[in-house]
Trainee: 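Structure in structure tokens, see below.
Throughout, numbering of the chain's residues begins at 1 and tracks the sequence.
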Amino acid sequence: MLLFQTNFINSYEVKIVTKINSEILTNIDIENESKYLLILNTNLKSLNKNELYELSKNSIIRQIIKKEEVVKYFELEKYSKLGDKLLKEKYTTLGFENKEKYSNFLNKEGFSVEILKEKLLIERLWNSLIYEKFKNKIKIDENDIKNKVETFI
């Protein structure tokens with residue numbers, strides 16, 4: 001008597017979507033970015049699949065570009081404590097008691113707490129980089145702003 005064991009595996013075709021400098025972006029990357037965006041903002045569930053796909057694709061492209069630029073100026077490993085702080089701010093804001101509970105939630109959603117920590121860190125370092133680069137070029141005329149507000153009111 002022969003016994004056959006049949007395993008049905010969900011096969012998922014990996015497709016290259018685009019290349020950003022030396023980084024290859026696949027449909028799996030975009031799917032993971034969709035998960036990330038939905039975790040951060042549940043209102044995005046109202047988008048249709050195409051809108052979410054485009055938003056996720058553009059988001060991850062921006063993330064790749066930001067990371068490439070940030071690592072030119074910062075060693076991410078040296079900012080691990082800042083990453084931990086940003087992560088704590090995120091899970092506290094979302095109502096989680098501690099990192100472990102947030103990590104469990106993320107794992108259930110198919111996302112890693114370490115990836116989220118890196119994303120938050122890159123975003124913060126990017127903002128710092130942009131601020132430092134352009135802070136001397138920004139001129140704010142408080143009187144002009146007050147006049148426009150008064151005119152508007």
Trainee: Assess the residue pair Tyr53 and Val17 against the criterion (side chain to side chain contact (heavy atoms under 4.5 Å, CB included)); give the C-alpha distance rounded to whole Å, side-chain angles, the decisive distance to 0.1 Å, and a yes or no.
Mentor: CA-CA 11 Å; Tyr53 177 87; Val17 176; 3.7 Å; yes
Trainee: Taking side chain as C-beta onward, heavy atoms only, is Tyr36 less than 4.5 Å from Leu40?
Mentor: yes
Trainee: With Lys135, which residues qualify under salt bridge (Lys or Arg N to Asp or Glu O under 4.0 Å), at least two apart?
Mentor: Glu132
Trainee: Treating Ile, Leu, Val, Met, Phe, Trp and Tyr as nodes and any side-chain heavy-atom pair under 4.5 angstrom as an edge, say whether Leu47 and Ile30 lie in one connected cluster.
Mentor: no
Trainee: Do Leu37 and Ser59 have side chains that get closer than 4.5 Å, going by heavy atoms?
Mentor: yes
Trainee: Are Phe111 and Leu86 connected, step by step, through hydrophobic side chains (Ile, Leu, Val, Met, Phe, Trp, Tyr) whose heavy atoms are closer than 4.5 Å?
Mentor: yes
Trainee: Say you draw a straight line from NZ of Lys49 to OG of Ser34; how long is it, rounded to the nearest 0.5 Å?
Mentor: 11.0 Å
Trainee: Membership question, hydrophobic clusters at under 4.5 Å side-chain separation (ILVMFWY): are Leu82 and Leu76 in the same one?
Mentor: yes
Trainee: Taking atom CD1 of Ile145 as the centre, report whether more than 12 heavy atoms of other residues, nucleotides or ligands fall under 6.0 Å from it.
Mentor: yes
Trainee: Which heavy atom in Val113 sits nearest to a heavy atom in Ser103, and how many Å separate them?
Mentor: CG1-OG, 3.8 Å
Trainee: Okay, side chain of Ser80, backbone of Glu77: is any donor-acceptor separation there less than 3.5 Å?
Mentor: no
Trainee: Hey, could you give me the CG/CG distance between Leu121 and Leu116, rounded to the nearest 0.5 Å?
Mentor: 11.0 Å
Trainee: Going through the checks in order, is the side chain to side chain contact (heavy atoms under 4.5 Å, CB included) test met by Leu87 and Tyr102?
Mentor: CA-CA 9 Å; Leu87 186 63; Tyr102 190 51; 4.0 Å; yes
Trainee: Indicate if Ile24 and Ile20 have the same hydrophobic cluster label, given that clusters are the connected sets of ILVMFWY residues with side-chain heavy-atom separations under 4.5 angstrom.
Mentor: no
Trainee: If the condition is salt bridge (Lys or Arg N to Asp or Glu O under 4.0 Å), which residues does Lys101 pass it with, not counting sequence neighbours?
Mentor: Glu97
Trainee: Would you please indicate yes or no on a ring centroid separation below 6.0 angstrom for Tyr91 and Phe96?
Mentor: no
Trainee: When hydrophobic residues are tied together by side-chain contacts of less than 4.5 Å, even through go-betweens, does Ile39 share a cluster with Leu44?
Mentor: yes
Trainee: Considering only heavy atoms from C-beta outward, does the side chain of Leu38 approach that of Leu52 to under 4.5 Å?
Mentor: yes
Trainee: Lys90: what forms a side chain to side chain donor-acceptor pair (under 3.5 Å) with it, not counting sequence neighbours?
Mentor: none
Trainee: Could I get the full list of side-chain contact (heavy atoms from CB on, under 4.5 Å) partners for Phe134, not counting sequence neighbours?
Mentor: Ile130, Lys137
Trainee: For the OG1 atom of Thr18 and the CG atom of Asp29, what is their distance to the nearest 0.5 Å?
Mentor: 11.5 Å
Trainee: Just how far is it from atom CG of Leu55 to atom CG of Asn50, taken to the nearest 0.5 Å?
Mentor: 12.5 Å
Trainee: To the nearest 0.5 Å, what is the distance between CZ (Arg124) and CG (Leu120)?
Mentor: 9.0 Å
Trainee: Where do Asn27 and Lys15 come nearest, in terms of heavy atoms and distance?
Mentor: OD1-N, 2.7 Å
Trainee: Under the salt bridge (Lys or Arg N to Asp or Glu O under 4.0 Å) test, which residues partner Asp144, sequence neighbours left out?
Mentor: Lys148
Trainee: Rounded to the nearest 0.5 Å, how far does CD of Glu33 lie from CG of Leu25?
Mentor: 9.0 Å
Trainee: Which pairs would a plain distance check flag for residues 60-75, meaning a side-chain donor or acceptor within less than 3.5 Å of a matching protein atom at least two apart in sequence or in another chain?
Mentor:
residue	atom	partner	partner atom	Å
Arg62	NH1	Asn58	O	3.4
Lys66	NZ	Glu123	OE1	2.9
Lys66	NZ	Glu123	OE2	3.0
Lys67	NZ	Glu118	OE2	3.2
Glu68	OE1	Asn21	ND2	2.5
Glu69	OE1	Lys72	NZ	3.1

